[in-house]
Structures are given as structure tokens and as C-alpha cells.
Chemist: 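The structure follows.
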Amino acid sequence: MSDIRVRLAPSPTGFLHLGVARTALYNWLTARAAGGSFVLRIEDTDRQRSTDEFLQAILEDMRWLGLQWDEGPEVGGSYGPYLQSERGTNYAGYIERLLASGAAYRCFCSPEELEERRGAHSSTEAAAWKYDRKCESLSTEESIALAREGRSFAVRFRVPGGRTAFDDVVQGRVEFDNSEFDDLVIARSDGTPTYNFAVVVDDIEMRINYVIRGSDHITNTPRQIMLWRALGQEPPEFAHMPLILAQDGLVLSKRRGAVAIGEYRRRGYLPEAIVNYIALLGWAASDGGEILSPDELTTEFELSKISRTASTFDPDKLAWMNVQWVKKLDVADRTDRLLPILREEGLVGDEISGDERAWLERVVNVIDDRLKTLRDILEFDWFFLATDVDYDSIAVNKVLAKPGAGDILAGLHKELSAVSDFTPESLELTIRSFADGMGLSAGKVIQPLRVAVTGGTASPGMFETLSLLGREKVLQRIEKAGEFAD
RNA sequence: GGCGCCAUCGUCUAGCGGUUAGGACGCCGGCCUCUCAAGCCGGUAACACGGGUUCGAUUCCCGUUGGCGCUACCA
């Protein structure tokens with residue numbers, strides 16, 4: 001086991017979406033490939049926006065994707081708690097240290113005052129306002145005296161001069177002039193730590209040594225590095241992933257519901273497909289291979305080969321990827337995954353017998369590669385109904401309501417009543433010779449039969465379908481369809 | 001506005017000074033075929049622009065333009 005420790009630190013203020021999922025995946029792959037640890041830490045300090053529902057949804061989606069965390073909620077670990085809101089007491093000591101060393105100072109400017117000064121500034125200048133360091137020059141004595149008076153204060157980090165640079169695993173060397181940053185608040189007037197500070201303290205305490213996150217954090221990085229150093233710690237390694245853009249060209253965000261992972265689960269996508277797709281967003285295997293299992297990704301994946309270009313999410317390619325993965329599932333596996341959907345729709349019961357299971361597998365086998373998503377199984381619900389089929393009116397008009405259709409169905413009914421065994425082979429023989437006898441191509445006979453039996457113009461192979469349905473249902477449906485004919 | 005990052009087919013990408021600029025998705029056409037999928041074959045389509053450097057730039061450098069991100073006592 002190596003000592004690589006990575007983490008995902010989502011805030012439960014929305015559902016897990018593709019962007020966060022990809023960051024999670026890259027962290028997970030990195031930990032797995034290195035034999036390190038993947039820590040899940042929940043940044044729920046924003047009590048207004050964080051909810052337990054979101055937290056549970058995130059955990060569920062992570063599990064569904066197969067991104068198991070080694071430490072975090074529910075599994076615990078040596079450096080918990082893993083909910084930031086439960087780590088509250090840990091920060092005060094660090095703030096005291098920074099105050100004592102002079103790396104931080106009390107700021108008595110109220111938010112209102114700051115707002116006022118900011119407002120005055122923006123009306124005259126185009127550049128953004130930076131904290132004017134009004135309280136930075138307060139002596140320690142003055143500062144303590146004011147605090148004793150009961151004046152409320154925030155704690156600001158005294159940003160040193162010079163430059164801060166780091167070698168990012170994907171971005172290369174990134175350098176900032178420290179004068180770009182104002183003295184950031186690390187503790188609010190109520191004593192709670194702000195994001196950048198809490199992250200650093202938690203990462204230190206959780207022994208995180210490799211930070212893999214979205215490049216929207218890139219300007220936070222120098223601030224955090226300064227904090228790590230002020231706390232006497234060596235900063236971790238950083239890798240900033242390019243962002244994923246929605247098709248409108250803007251970053252994927254929590255507010256775009258269509259890209260929530262849970263949504264794809266409900267639509268019948270496979271987790272393997274999602275994982276495979278997001279892995280390839282900004283990264284390509286050296287041999288150009290595109291269909292990669294989690295295991296293959298683990299060995300192939302290289303953080304340093306990630307492109308720095310933001311990539312646009314393409315639902316079409318995801319859909320294609322899903323088809324590839326559905327095709328890879330064997331019949332038993334496919335059936336297992338289909339079962340919950342069929343149950344939900346009441347098409348099969350909670351308990352199924354061995355015979356039902358066997359029949360279901362035959363259905364799945366006959367449907368073959370026609371499922372683009374698991375949910376597409378519902379297109380085939382006529383397999384599961386006793387007698388009634390919903391007839392598609394367009395199909396009926398196009399096929400059954402044509403001259404001759406009635407004769408074909410009547411003839412077929414007779415032939416199929418008489419056919420000795422209802423196997424695909426003998427059905428094919430019977431139907432083809434029936435068509436010959438009528439002087440028609442097989443297709444001309446099969447299509448009315450298809451509509452009669454399935455209700456639509458598209459279905460799995462007709463002979464297999466008839467065989468599976470059985471003589472009784474087939475004849476019933478032909479009779480019923482006869483009402484539409486001619 | 002400032003700072004940072006980025007720039008190859010519509011999209012995801014390969015390329016790492018000399019290539020007919022390759023692959024995948026999508027789209028179009030064909031084959032197969034009982035329909036629909038799947039599959040197979042073929043086609044469409046790109047180096048943002050301008051300067052350099054070089055015998056030679058998609059590739060290196062600079063600039064322009066464009067895109068995205070960040071710029072809170074949010075995370």
C-alpha cells in the first residue's frame with residue numbers, strides 16, 4: 001500500500017453530476033492504481049444550502065458508479081469525522097496559531113463597511129476591489145484590546161509578498177503574483193472557518209498529499225499553498241482537471257438537471273458506460289481504445305496525459321457508449337439488471353419462479369441488442385401481457401388496414417393452428433411456404449403478422465418471437481388484429 | 001476590468017518540425033435482412049487569425065481574436 005492519499009470533497013448542495021463524477025473517478029483511479037487511499041469528505045459547512053437528501057443521493061450515486069471510498073461517511077477511517085460540519089472544533093487552534101505567529105490578524109471591518117468601500121470603488125474603477133488592509137497595521141495590543149471590548153472581528157490571512165508557483169500535474173507550472181490576492185478571511189466573525197482555510201486544515205489532518213480537482217479551483221491553489229506553508233506544512237501535489245462544458249458552452253453545474261448521474265441511472269444507463277464515457281472526456285488511452293472497463297482504466301489511465309482543454313459533454317456519444325456496454329452484458333447479467341425496472345412497472349412480481357426466470361432470459365435473448373438503455377425493455381412490454389396488445393394506429397393503418405391483410409391473417413391463423421411444434425425452425429418453414437403459396441414474398445406476410453402479434457412494425461425476429469409467445473397468445477392476437485383488417 | 005487556463009473535423013480526441021493530418025461519436029450512402037436495432041463497407045468534415053524562428057510549421061515563440069474559469073465573512 002502506497003501512501004498516496006487523495007480525496008473528493010463535494011458539498012451536498014446538489015446532485016452528483018458528470019463533472020464531479022469525473023473528478024471522483026480520476027481520484028479513485030489514481031488511488032487504485034497507486035494502491036493508495038481515496039477519501040470522501042463532505043463539505044457541508046454551508047448549512048443553508050446543504051441537505052441530507054443531497055448527501056444521501058451523492059453517496060448512492062458514488063456507490064452506483066462503483067467508486068468505493070476507503071475512508072469517509074459510512075465506512076469511517078482514522079481521520080474522521082468526514083463531515084466537515086462535525087469537525088467544527090478543530091479549526092480554532094489553527095487560527096490561534098496563525099494569529100500568534102503574525103501570519104493572520106483580526107479584521108474589525110464589518111461586512112457593511114466592506115460593502116460600502118467596495119461599492120465606492122467599483123463606481124470609479126474597472127478593476128475589482130481588494131481588501132484595503134485597513135486592519136492589517138493594527139498592533140497586537142490594539143487588536144487584542146478591540147477584541148476585549150467585544151468588537152466583532154473576522155480573521156484574515158496576511159498574504160505575503162512575492163509569487164506563489166506550483167507544478168501542476170496536468171496544467172504544468174502555474175505561477176501567481178501574490179499581489180493578486182487580498183488578505184482572505186479565514187475565520188468569520190462567528191468563528192467558523194471559511195472554505196479555503198477549512199480545506200487546508202482538513203487536508204492536513206487527513207494527510208492528503210495529492211489534490212485532484214476541477215480547474216475552477218486553480219486560483220484557490222496559491223492561497224491554499226500559502227496557508228499550508230504558514231501552518232508549517234509541505235503542500236500536496238496538485239492536478240487540476242479541465243472543466244466539462246454543457247452543450248451551451250458553459251460549465252456543467254448543479255443547476256443543469258439533465259446531467260445528474262441519478263437521472264442517467266433512472267433512464268436505464270449502465271454505470272460502466274458513464275464511467276467509461278467520463279474517463280474519455282479529456283483523456284484518451286495510448287492505443288486509442290475506447291471501450292474500457294474500470295479495471296482497464298485503472299491500468300491505462302494517466303493523469304499527466306489529460307488534456308488541458310475544457311471538453312463538451314456529448315449525450316450522443318454517451319448513448320453509443322451505453323449500447324456498447326449493454327451488448328457486453330451476458331443474458332443473465334442483463335436480466336438481473338432489467339428485473340428492477342420490470343418490477344417497478346408491475347410487469348413481473350417481486351418473487352419469480354425458476355420457470356419465469358428462464359422464460360425472461362429467453363425474452364432477453366430474443367430482444368438481443370435492441371436495448372439502447374435498460375429502460376428500453378418497456379418497449380417490449382407486449383411480451384409480458386397475457387392477451388392484450390396496444391396496437392399502434394400508424395402501424396395498423398399502414399399494414400393491417402391494407403387490402404389482403406385480412407386474408408393473410410386468416411391464412412396464417414389456420415397454418416399456425418396446425419403447425420405441429422412451435423419452434424422457430426418449423427414456424428419459419430411454415431410461414432415461408434405459406435407466403436410462397438400466396439405468391440408473396442415472406443416479408444409481405446410477416447409484416448402483418450408482426451403488427452398483429454406485437455402491435456407495432458418493429459420487433460425482434462418474428463419466428464423466435466412467435467415461438468416464445470406460444471401458440472395460444474399468438475392465435476389470440478391474430479384474431480384480435482383481424483378486427484382491424486380490411 | 002484584472003488574473004489564470006485553453007484553441008485540430010459539429011463533438012471527444014491522436015499528433016509531440018517533414019503525415020494523403022489518424023481514430024471515435026454524429027450525419028449521409030450502401031450491404032445484410034421478415035421489421036427494427038446491431039453488424040459490415042464507404043463518404044462528409046478540422047489545424048481560429050497575423051507575425052516571427054526554421055530549408056520546412058498543426059507542431060516552437062510573440063501578438064490578435066475567441067472561449068472558459070476565478071475575482072465573497074459561498075463552497
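Just so we're on the same page: letters track the sequence lines, and every chain starts at 1. In this text, all values refer to a predicted model and were calculated from it rather than measured experimentally.
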Chemist: Whole Å only: how far is the CD atom of A/E175 from the C1' atom of B/rC3?
Modeler: 13 Å
Chemist: Show your reasoning for whether ring pair (Phe, Tyr, Trp, His ring centres under 6.0 Å) applies to A/F301 and A/Y26.
Modeler: CA-CA 9 Å; A/F301 184 70; A/Y26 288 174; 4.7 Å; yes
Chemist: Is there a Watson-Crick or G-U wobble partner for B/rC49 with both distances under 3.5 Å, and which nucleotide is it?
Modeler: B/rG63
Chemist: Using the P atom on both, measure B/rU20 against B/rC32 and round to a whole Å.
Modeler: 36 Å
Chemist: Of A/L427, A/T430, A/V445, which is the lone residue that meets side chain to side chain contact (heavy atoms under 4.5 Å, CB included) with A/E415?
Modeler: A/T430
Chemist: So A/G461, base contact, sugar-phosphate only, or nothing? Heavy-atom distance under 4.0 Å.
Modeler: base
Chemist: Expressed as a whole number of Å, how far does the C1' atom of B/rU8 sit from that of B/rU58?
Modeler: 7 Å
Chemist: Heavy atoms under 4.0 Å, any strand shown: does A/D182 hit a base, just sugar-phosphate, or nothing?
Modeler: nothing
Chemist: Checking all strands, does A/A284 fall into the base, sugar-phosphate, or nothing category for heavy-atom contacts under 4.0 angstrom?
Modeler: sugar-phosphate
Chemist: Nearest to the A/Q447 side chain among B/rC34, B/rC68, B/rC6, which nucleotide is it?
Modeler: B/rC34
Chemist: Using a 4.0 Å heavy-atom cut-off, does A/E180 contact any base of the nucleic acid, only the sugar-phosphate backbone, or nothing at all?
Modeler: sugar-phosphate
Chemist: Within this structure, what is the CG-to-P distance between A/L250 and B/rC6, rounded to whole angstrom?
Modeler: 20 Å
Chemist: Does the side chain of A/D202 come under 3.5 Å of the side chain of A/Y82 through a donor N or O and an acceptor N or O?
Modeler: no
Chemist: For A/Q224 and B/rC70, give me the distance from atom CD to atom C1', rounded to whole Å.
Modeler: 13 Å
Chemist: Return the nearest nucleotide to the side chain of A/Q171; candidates are B/rC5, B/rC3, B/rC34.
Modeler: B/rC5
Chemist: In terms of the nearest nucleotide of RNA chain B, which residue is placed more toward the 5' end: A/D316 or A/K372?
Modeler: A/D316
Chemist: Can you find a side-chain donor-acceptor pair between A/T23 and A/R213 that sits under 3.5 Å?
Modeler: no
Chemist: Between residues 158-167 of chain A and RNA chain B, which residues have a heavy-atom gap below 4.0 Å?
Modeler: none
Chemist: Starting at atom CD of A/E428, determine the distance to atom P of B/rU33, rounded to an integer number of angstrom.
Modeler: 12 Å
Chemist: In this structure, which one of A/V20, A/I58, A/D61 forms a side chain to side chain contact (heavy atoms under 4.5 Å, CB included) with A/I261?
Modeler: A/D61
Chemist: Side chain of A/H217: nearest nucleotide among B/rA75, B/rC34, B/rU35?
Modeler: B/rA75
Chemist: Applying a 4.0 Å non-hydrogen cut-off, can you work out what A/T45 is touching in the nucleic acid: base, sugar-phosphate, or nothing?
Modeler: sugar-phosphate
Chemist: Given B/rC5, B/rU13, B/rA75, which nucleotide is nearest the side-chain atoms of A/S307?
Modeler: B/rU13
Chemist: Counting only distance, no hydrogens or angles, is the base of B/rC34 paired donor-acceptor with the side chain of A/R450 under 3.5 Å?
Modeler: yes
Chemist: For B/rC36, what is the paired nucleotide under Watson-Crick or G-U wobble rules, both distances under 3.5 Å?
Modeler: none
Chemist: So, is A/R432 near the phosphate of B/rC34, with a side-chain N or O under 4.0 Å from OP1 or OP2?
Modeler: yes
Chemist: Does any donor-acceptor pair link the side chain of A/K317 with the base of B/rA24 at a separation under 3.5 Å?
Modeler: yes
Chemist: Examine B/rG2: is either OP1 or OP2 under 4.0 Å from a nitrogen or oxygen in the side chain of A/K130? Give yes or no.
Modeler: no
Chemist: Can you find a donor-acceptor N/O pair under 3.5 angstrom joining the side chain of A/R370 to the base of B/rC36?
Modeler: yes
Chemist: Measuring from the side chain of A/T194 (C-beta onward, heavy atoms only), which nucleotide among B/rC70, B/rU35, B/rA75 has the closest atom?
Modeler: B/rA75
Chemist: Salt bridge between A/K317 and A/E290, side-chain N to carboxylate O under 4.0 Å?
Modeler: yes
Chemist: Could you give the CE-to-P distance, from A/M321 to B/rU13, as a whole number of Å?
Modeler: 12 Å
Chemist: From the options B/rG10, B/rA37, B/rG4, select the nucleotide whose nearest atom is closest to the side chain of A/I218.
Modeler: B/rG4
Chemist: Please work out if A/G249 contacts a base, only the sugar-phosphate, or nothing of the nucleic acid, heavy-atom cut-off 4.0 Å.
Modeler: sugar-phosphate
Chemist: Between P on B/rC6 and NE2 on A/H240, what's the gap in Å once rounded to a whole number?
Modeler: 14 Å
Chemist: Among side-chain atoms of A/T373 and A/R267, is any donor-acceptor pair under 3.5 angstrom?
Modeler: no
Chemist: Ignoring the backbone of A/I446, work out which of B/rA38, B/rA75, B/rC34 is nearest its side chain.
Modeler: B/rC34
Chemist: Given that A/P10 and A/T219 both sit by RNA chain B, which one's nearest nucleotide is further toward the 5' end?
Modeler: A/T219
Chemist: Report yes if a donor N or O on one partner sits less than 3.5 Å from an acceptor N or O on the other, where the partners are the side chain of A/S189 and the base of B/rC73; otherwise report no.
Modeler: yes
Chemist: What nucleotide, of B/rG69, B/rC73, B/rC5, holds the atom closest to the side chain of A/R156?
Modeler: B/rC73
Chemist: What nucleic acid atoms does A/P460 come within less than 4.0 Å of, heavy atoms only: base, sugar-phosphate, or nothing?
Modeler: base
Chemist: Counting only side-chain nitrogens and oxygens, does A/S311 get under 4.0 Å of the OP1 or OP2 atom of B/rU13?
Modeler: yes
Chemist: When you compare B/rG51 with B/rU11, how far apart are their P atoms, in angstrom units rounded to a whole number?
Modeler: 26 Å
Chemist: Tell me: CD1 of A/I306 to C1' of B/rC12, nearest whole Å?
Modeler: 14 Å
Chemist: Mind checking the P distance from B/rU53 to B/rA72? Whole angstroms is fine.
Modeler: 44 Å
Chemist: Walk me through it: do A/L318 and A/F313 pass the test side-chain contact (heavy atoms from CB on, under 4.5 Å)?
Modeler: CA-CA 9 Å; A/L318 207 209; A/F313 167 58; 4.1 Å; yes
Chemist: Can you sort out the partners of A/E237 under salt bridge (Lys or Arg N to Asp or Glu O under 4.0 Å), two or more places apart, ordered by chain and number?
Modeler: none
Chemist: Just to be sure I understand the rule, does A/K444 reach a base, reach only the sugar-phosphate, or reach nothing, if contact means heavy atoms closer than 4.0 Å?
Modeler: nothing
Chemist: Counting any heavy atom closer than 4.0 Å, what does A/F181 reach on the DNA or RNA strands: base, sugar-phosphate only, or nothing?
Modeler: nothing
Chemist: May I ask you to check whether A/D390 and A/W382 show a side-chain donor-acceptor distance below 3.5 Å?
Modeler: no
Chemist: Could you tell me if A/Y105 and A/D183 have a donor-acceptor pair between their side chains, going purely by distance under 3.5 Å?
Modeler: yes
Chemist: Applying a 4.0 Å non-hydrogen cut-off, can you work out what A/T312 is touching in the nucleic acid: base, sugar-phosphate, or nothing?
Modeler: sugar-phosphate
Chemist: Where the side chain of A/L243 is concerned, which of B/rC6, B/rA75, B/rC68 is the nearest nucleotide?
Modeler: B/rC68
Chemist: So which nucleotide does B/rG4 pair with, by the Watson-Crick or G-U wobble rule with both distances under 3.5 Å?
Modeler: B/rC68
Chemist: Among B/rG26, B/rG39, B/rG23, find the nucleotide with the atom closest to the side chain of A/E290.
Modeler: B/rG23
Chemist: Looking at B/rG42, which nucleotide sits across from it as a Watson-Crick or G-U wobble partner, both distances under 3.5 angstrom, or is there none?
Modeler: B/rC28
Chemist: Would you classify A/T457 as touching base, sugar-phosphate or nothing, given that sugar-phosphate means primed atoms plus P, OP1 and OP2, and contacts are heavy atoms under 4.0 Å?
Modeler: base
Chemist: Could you check whether A/T192 and A/D190, counting side-chain N and O atoms only, form a donor-acceptor pair closer than 3.5 Å?
Modeler: yes
Chemist: Using whole Å, report how far CG of A/D216 lies from P of B/rU71.
Modeler: 9 Å
